[in-house]
Amino acid sequence: MNTVILLTLTGLGLAALYFLVASGLSLVFGLADVLNFAHGLFLGVGAYATWWAAGNLPGAGPDGFGFVLAVAFGVLAGTVVAVLVELVLIRPLYSRTIEQVLVTVGLSLAGVALLQATWGADARPFDRPAWTREVTSILGAKVSNALLLLIIAAVLVLGGLLAFLRFTRYGLVIRAGVENREMVTALGIDVRKAFTLVFAIGGAAAALAGALGGVYFGTVSPGQGGSLLIFAFIVVVIGGMGSVVGSAYAAVVVGLLQQFVNYYGTTGLGDLCVVGLLAVVLLLRPQGLAGKVATA
Amino acid sequence: MTEVKSPEVPAPPAAVPDELTPGHARWHGLRPYLPLLALVVAVILPYSTVNLPGVFEGPLNSPGTLQLLAICLVFGGLAAGYDLLFGRTGMLSFGHALFFAVGVYGTAILVTKVGLPLWQAALFTVVGGTILAALLGAVALRTVGIAFAMVTLAFAQVGAILVARNFGGLTGGEEGLTLDVSGLPSALVGVANTVNLYWLALAYLALVVFVVHRVSMSPTGRVLAGLRDDERRIGVLGLDPYRFKLVAFTLAGGLASAGGVVYSLLVGASPHVTSSELTLSLLVMVVLGGPGTRWGPVLGGILYMYLDHRLTAFGSSDAVNSLPAFLSHPLSQPLFVLGTVFILAVYFFPGGLASLRTRLHPLLTTLSRRP
Amino acid sequence: MSVEPILSVENLSVRIAGLHILQGVSFDVAPTGVTVLLGRNGVGKTTTLRAIVGLTPRNGEVRGTIRMGAQSLLARPTHRLVRGGLGYVPEDRCVFAGLTVAENLRLAERRGTTPAYDKVFALFPELDRRGRQRAGSLSGGQQQMLAIGRVLLNDNRLLLVDEPTKGLAPKVVTEVAEVLERVAESVPVLLVEQNLAVVRRLAKDAVVLSAGRVAWTGNAQDLLLETALTKSLLGVGSGEVPASARSESGLRAPQSRAKDGAA
């Protein structure tokens with residue numbers, strides 16, 4: 001029983017990471033049709049900026065309020081990079097989908113190489129608050145606090161995103177734009193402002209995933225974002241592109257499936273099951289669990 | 001995608017009526033034979049002992065140089081095969097490395113673990129890779145555009161996981177597999193025989209270029225080009241886009257696994273060939289070279305692999321090391337340099353290397369018109 | 001025409017994916033009443049409207065001039081054109097199916113202006129009652145009302161309306177026509193319409209397109225009287241519009257184009 005609870009919670013922790021990366025990807029794709037390979041880079045930037053801030057930024061540190069400040073700095077860095085990427089690299093190629101993908105591909109290659117050039121290819125130990133290394137007993141299972149932090153953060157982000165989409169003017173524009181971007185402009189709305197906004201949201205969420213992932217894994221490395229990104233893509237497709245709720249469901253399904261099968265089967269089998277699930281979903285429901293049709 | 005008018009394609013025989021201008025006619029008459037000439041030069045290259053300092057580390061016929069050249073040629077072929085999907089049909093597949101990896105690991109496993117003779121291993125591998133491409137293509141092609149890209153990426157990830165997890169000790173995991181040379185023909189074994197591998201790689205490249213050229217000139221190729229430009233129009237003609245795309249996907253997958261066989265002989269199997277980075281690199285090669293052109297992807301592939309290998313040496317050279325750290329560190333990362341060049345190319349040279357000639361053409365004509 | 005037109009299109013050419021869809025189209029839209037754009041399927045009516053509002057697809061190329069008053073419309077982004085007073089009701093309604101009716105309307109609100117909800121709800125009381133319903137679950141007619149209503153929340157100098165009666169039941173066609181008639185009292189309308197009964201009821205001027213060119217311009221009612229002309233240009237005789245069309249018993253959409261062509 002303990003094992004099941006532990007596996008469920010670690011699965012949810014993984015789901016939290018996937019969700020933080022996938023929600024932004026999904027919005028960016030749903031609204032702006034950009035398949036963003038550079039999204040993993042935002043995660044890397046967030047992780048390294050948090051790590052750097054904890055050691056170097058005045059006032060920030062590995063513990064207490066200092067750590068909050070370090071994470072805030074990391075998230076801010078990820079957001080700024082995402083906004084710059086959108087404004088400088090993506091916007092001039094507006095509605096040229098393939099070229100935009102190519103640019104993000106180049107960016108992901110060059111960006112990861114740049115992180116590697118600056119901080120080395122090897123993983124760096126991540127200074128984190130002492131309490132995140134302790135465990136909490138939940139129904140008899142000993143669960144790492146870092147994991148709980150990750151899950152709580154993802155739930156808060158989910159709630160915040162849904163509230164934003166539901167209750168604000170920009171949220172309304174984004175929801176409408178995911179459905180029919182052209183018609184949004186035909187109502188007199190400059191939809192490109194919303195593009196920048198979804199990039200910023202996606203960058204912030206991915207950077208938060210980087211920072212909290214660093215806390216959870218205890219290390220940062222340049223390639224971290226890339227390996228998460230592929231599963232995040234799968235989550236986006238299964239969940240339906242452009243749907244935040246769909247991403248959340250799909251992230252939970254994928255995270256739990258991966259953990260349980262990897263534990264009860266052999267390591268790696270869970271990852272294969274996830275891809276199998278993707279194939280099944282595509283064959284049965286090409287539009288994903290929710291959201292717009294996954295074509296175009 | 002950029003449609004490149006046929007300056008790269010040799011003029012058909014009908015296009016030689018400008019015999020009236022002698023200088024021009026000689027040039028035009030020669031052009032169809034240029035690829036052949038390049039092939040002959042490439043074939044006899046290993047007999048040259050010319051030393052190109054800075055370009056290669058040893059003389060042209062040294063095993064090190066020949067191996068690098070052979071790797072470049074394999075990737076030239078691989079990029080040309082990938083262009084059948086991307087440049088000629090407009091399919092953005094991120095899973096092409098999978099079929100290459102099937103070729104690499106299939107050969108290595110069948111030769112080393114199963115003990116098959118090379119020709120059988122190669123045959124099984126290529127047939128297996130082609131069938132796999134047909135099966136995966138049948139599923140993935142139910143989606144189009146960006147969703148297709150994501151699905152192929154996920155499939156390729158399966159390959160990466162299988163190789164990394166080392167099920168049954170078949171793949172050697174992180175370590176990779178070195179070919180058991182005892183089962184190989186002696187002509188392909190040993191440093192002294194690198195030249196034979198070079199010729200094999202050259203033959204592979206020639207095969208891919210020939211096949212891709214034949215396909216794109218055939219009626220099927222015209223349908224593929226139509227799919228790239230506007231899929232709906234092909235549907236309106238009563239042709240089933242799905243079947244044509246599946247044919248292209250399968251063919252390209254088969255060609256990639258054949259390339260994997262050659263690569264396996266050259267380098268052995270390492271998990272690097274399953275990485276999504278490799279597929280991304282293929283995309284970079286094709287776009288840098290010029291998608292949808294005959295020679296662009298080949299040049300792109302050769303140049304990319306050359307730079308990828310040589311930039312590492314360049315990065316650790318004195319010239320770079322003497323620069324301040326904020327410059328020298330990024331410059332020592334080949335992927336940083338290539339990624340940046342790629343982004344610039346997307347903006348400023350959408351047609352890739354192959355379009356340079358077209359761009360320079362007006363200049364050249366003015367110069368040659370001078371009396 | 002002696003009056004200054006609200007919109008003038010001159011020598012408009014549109015190429016999309018290599019196809020020359022419009023080949024030098026010129027016409028004016030009068031500052032009052034309904035100007036109807038007619039023609040068989042595929043002659044470029046929708047392409048014309050989309051070119052005016054700046055929604056030509058990326059692989060398309062637009063040449064010529066389009067002016068609203070003294071202002072040139074070409075090469076300006078769609079959202080600016082719309083804010084400048086160009087209302088666009090697209091073909092197939094294009095309401096946001098996943099949003100509620102109220103949200104669909106709210107999307108059209110603009111900063112600095114008061115949305116004319118009372119005017120819209122007076123025209124379409126249904127939209128007020130169904131505010132919380134998802135737009136996707138509305139009937140075709142209600143969706144059309146919503147598509148028109150959200151454009152009317154703001155002041156417009158000209159409305160572009162693309163096939164508002166397409167696929168609607170005869171009774172609803174009448175309702176839509178009535179609404180457009182009332183709207184046209186205050187704003188000029190450029191209307192694309194296949195239903196000749198609706199045209200007869202609403203249109204003052206007519207522009208007929210044929211194979212990417214203007215084939216005929218003039219008074220719409222005159223056009224409808226010339227049976228041979230309408231038949232050759234539109235593939236349907238005005239005589240086929242039932243006499244009952246003008247009565248309130250219902251308007252009928254011209255049936256089966258292929259059959260008419262063969263007749």
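Predicted model only: the values in this text are computed from it and were never measured. Here is how names work: the chains are called A, B, and so on, in the same order as the sequence lines, proteins then strands, and each is numbered from 1.
For the pair A:F37 and B:L153, the minimum side-chain heavy-atom distance is below 4.5 Å. Proximity of B:M150 to A:L35: side-chain heavy atoms (C-beta onward) are separated by under 4.5 Å at one or more points. Within the 4.5 Å cutoff, no side-chain heavy atoms of B:F342 are placed close to those of A:L109.
Interatomic distance, B:R165 CZ to A:L269 CG, rounded to the nearest 0.5 Å: 10.0 Å. To the nearest 0.5 Å, the span separating CD1 on B:I343 from CG on A:L89 amounts to 6.0 Å. In this structure, A:F233 CZ and B:Q157 CD are separated by 11.5 Å, a value rounded to the nearest 0.5 Å.
A:A113 and B:Q333 make their closest contact through O-CG, 3.4 Å (heavy atoms, listed as atom of the first residue, atom of the second, distance). Residue B:Y347 comes nearest to A:I90 through the heavy atom pair OH-N, 4.2 Å, listed as atom of the first residue, atom of the second, then distance.
Judged as a side-chain hydrogen bond (donor to acceptor under 3.5 Å, both in side chains), not a single pair has a partner in residues 104-115 of chain A (not counting sequence neighbours).
Contact annotation for B:A160: neither backbone nor side-chain heavy atoms come within less than 4.5 Å of a heavy atom of chain A. With a 4.5 angstrom heavy-atom cutoff, A:L107 touches chain B via backbone and side-chain atoms both. With a threshold of 4.5 angstrom between heavy atoms, A:V101 approaches chain B through side-chain atoms but not through N, CA, C or O. Both the backbone and the side chain of B:V158 come within contact range of chain A, judged by heavy atoms closer than 4.5 Å.
The contact list for residues 92-102 of chain B toward chain A, using heavy atoms and a distance under 4.5 Å, reads B:L92, B:F94 by residue number.
At most 12 non-hydrogen atoms from other residues, nucleotides or ligands lie less than 6.0 angstrom from OH of A:Y263.
With sequence neighbours left out, A:N56 forms a side-chain contact (heavy atoms from CB on, under 4.5 Å) with A:W52. With sequence neighbours excluded, no residue satisfies side chain to side chain donor-acceptor pair (under 3.5 Å) with B:T152.
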